[in-house]
Amino acid sequence: MKITLINHSDTRGGASVVTLRLMEALRALGHDARMLVVHKASENPYVEVAAPAWRAKIPFLAEHLQIFTANGFDRGDLFKVSTASAGLPLASHPLVRGADAALLGWVNQGILSLKGIARIAAERPVLWTMHDMWNMTGICHHAGTCDRYKHTPGCGDCPFIHRKPSDTDLSRRVWEAKQELYNSKIGFVAVSSWLENCARHSSLMADCRLFRIPNAFPVESFTATPTRSRRELGLPEDKKLIVMGAARLDDPVKGLPYAVEVLNALGCADAAAVFFGNLRDTNALNALRLPYVWLGPVADPRDIYAHASAVISTSLYETLPGTLIEGQAAGCTPIAFDSGGQRDIISSPSEGYLIKPYDTAAFAAALSAALDNPLDADSLRESVSAKFSAKAVAEAYIDLLSRLG
């Protein structure tokens, strides 16, 4: 089967990484899978840039000018919403025209418009993987405490629109445009049970074909035995290590202040924290009293996990946090707030600790227990392998596509 996967990037952010992994898993099953992106950073020969950079900028700027205008020319929250009002004409791209099926990933910020998606879906089966809440809301990627996406009609009076509240604002207009698109035969894939549950409560997706398939992870490439020493990696050599990673650590969604609070309450003299990922504010860790290292962006964190005892996530909400899966695959005990897809990873006490949001004292106590009595590394690895192996995930997508066709 010829399958084209469309995503904003091949490496920037979690959705990009797991989409690239899915493409590779589909190819391993013998399918001619290829990927279209706006930003290509890998050397993978099966990833193609959808358009020159200058051409991709046009729909990106057009969409954000629309949002900027709707916000009364206020830059606040400009990049927390998307409208898919403009996009590249990918329905006519050779990789799409020749495809038997299309898999859409994170296609916001000007890569595809809603009308462009309709054109693609008119000619072939389409599965759209949801990596956040955008598909089920008017314009936001994470609704937080807002439940207007559950109303009929949905959204309107959007907290991300800074003009005077209106039930016919930009969020309602995009909600209506999505409702028209969703009458087509597109199938939607939620990557976690939490996201699936949110979607089933969305008025917009009430009648959609909705499935759940987790993200694929190369579990077999992770091991509890590191290939490089702590000294080579720049890690403390005499401490129990606690790992936290993200594309951007101080993204408000990641809850870094909670992590600092937890680690400061730990009271463990023989522990140290290891952070990897970008920091927009390089002072974000200044209040941390526990010894720590910040490694910046890390292309391959496998040895970091292999040296660590625990991996933590203090996110306010997460679809399916990949660092927990990676850490668990390397034998780290995972500890996280129960604030989204974490429950799919830590589904029993033998798989880690789920903490009531946002109880930092309970989190610190669980982390202390994990450092003193780590869970069995082999059992952690077997658990995560059974749930998230790339082969099983790719087979599930092929099964769905055969049913959609």
* Indicate whether the side chain of Glu63 and that of Ser85 have a donor and an acceptor atom separated by less than 3.5 Å. => no

* To do: Using the side-chain contact (heavy atoms from CB on, under 4.5 Å) rule, take Lys185 and Arg209 through it: C-alpha gap first, then chi angles, then the decisive distance, then the call.
  => CA-CA 8 Å; Lys185 295 182 179 180; Arg209 291 188 288 179; 3.2 Å; yes

* For the residue pair Phe363 and Tyr353, is the inter-centroid distance of their aromatic rings smaller than 6.0 Å? -> no

* Would you check if the side chain of Arg230 reaches a backbone N or O of Lys239 as a donor-acceptor pair within less than 3.5 Å? => yes

* **Pair Asp74-His162, side-chain hydrogen bond (donor to acceptor under 3.5 Å, both in side chains): steps then yes or no** => CA-CA 7 Å; Asp74 183 340; His162 295 186; 2.9 Å; yes

* To do: Can you spot which of Leu320, Val189, Thr19 makes a side chain to side chain contact (heavy atoms under 4.5 Å, CB included) with His131?
  => Thr19

* **Within the 6.0 Å centroid threshold, strictly below: His8 and Trp106** => yes

* **Sidechain-backbone polar pair: Arg248 side chain, Gly277 backbone, donor-acceptor under 3.5 Å** => no

* Classify the side-chain pair Gln109/Ser82 by whether it contains a donor and acceptor separated by less than 3.5 Å. => no

* Asked: Is the Trp175 to His151 ring centre distance short of 6.0 Å?
  -> no

* Should the pair Phe79 and His64 be assigned to parallel (<30°), tilted (30 to 60°) or perpendicular (>60°) ring geometry? -> tilted

* Asked: Checking side-chain hydrogen bond (donor to acceptor under 3.5 Å, both in side chains) for the pair Asp10/Ser16: CA distance, chi angles, key distance, verdict?
  -> CA-CA 5 Å; Asp10 58 346; Ser16 301; over 6 Å; no

* When rounded to the nearest 0.5 angstrom, what distance separates CD1 in Ile213 from CZ in Phe211? -> 8.5 Å

* To do: Could you check Asn44 against Glu24 for side-chain hydrogen bond (donor to acceptor under 3.5 Å, both in side chains), going step by step and ending with a plain yes or no?
  => CA-CA 10 Å; Asn44 194 302; Glu24 292 170 340; 3.2 Å; yes

* Asked: Rounded to the nearest 0.5 Å, how far does OH of Tyr149 lie from OG of Ser171?
  -> 14.0 Å

* Residue pair Leu104 / Leu127, side-chain heavy-atom distance below 4.5 Å -> no

* Working to the nearest 0.5 Å, report the span between CZ of Phe388 and CD1 of Ile325. => 4.0 Å

* Asked: Cut-off 3.5 Å, side chains only: do Thr129 and Tyr397 have a donor facing an acceptor?
  -> yes

* To do: Please work out which of the three classes, parallel, tilted or perpendicular, describes the rings of Tyr182 and Trp128, given edges at 30° and 60°.
  => perpendicular

* What distance separates Ile111 CD1 from Ser9 OG, expressed to the nearest 0.5 Å? -> 9.0 Å

* Structure fact -> When rounded to the nearest 0.5 Å, the distance separating CG of Leu285 from CZ of Phe275 is 5.0 Å

* Asked: Are Ser166 and Asp169 close enough that a side-chain donor and a side-chain acceptor fall under 3.5 Å?
  -> no

* Asked: Roughly how far, to the nearest 0.5 Å, is NZ of Lys387 from CG of Asp344?
  -> 7.5 Å

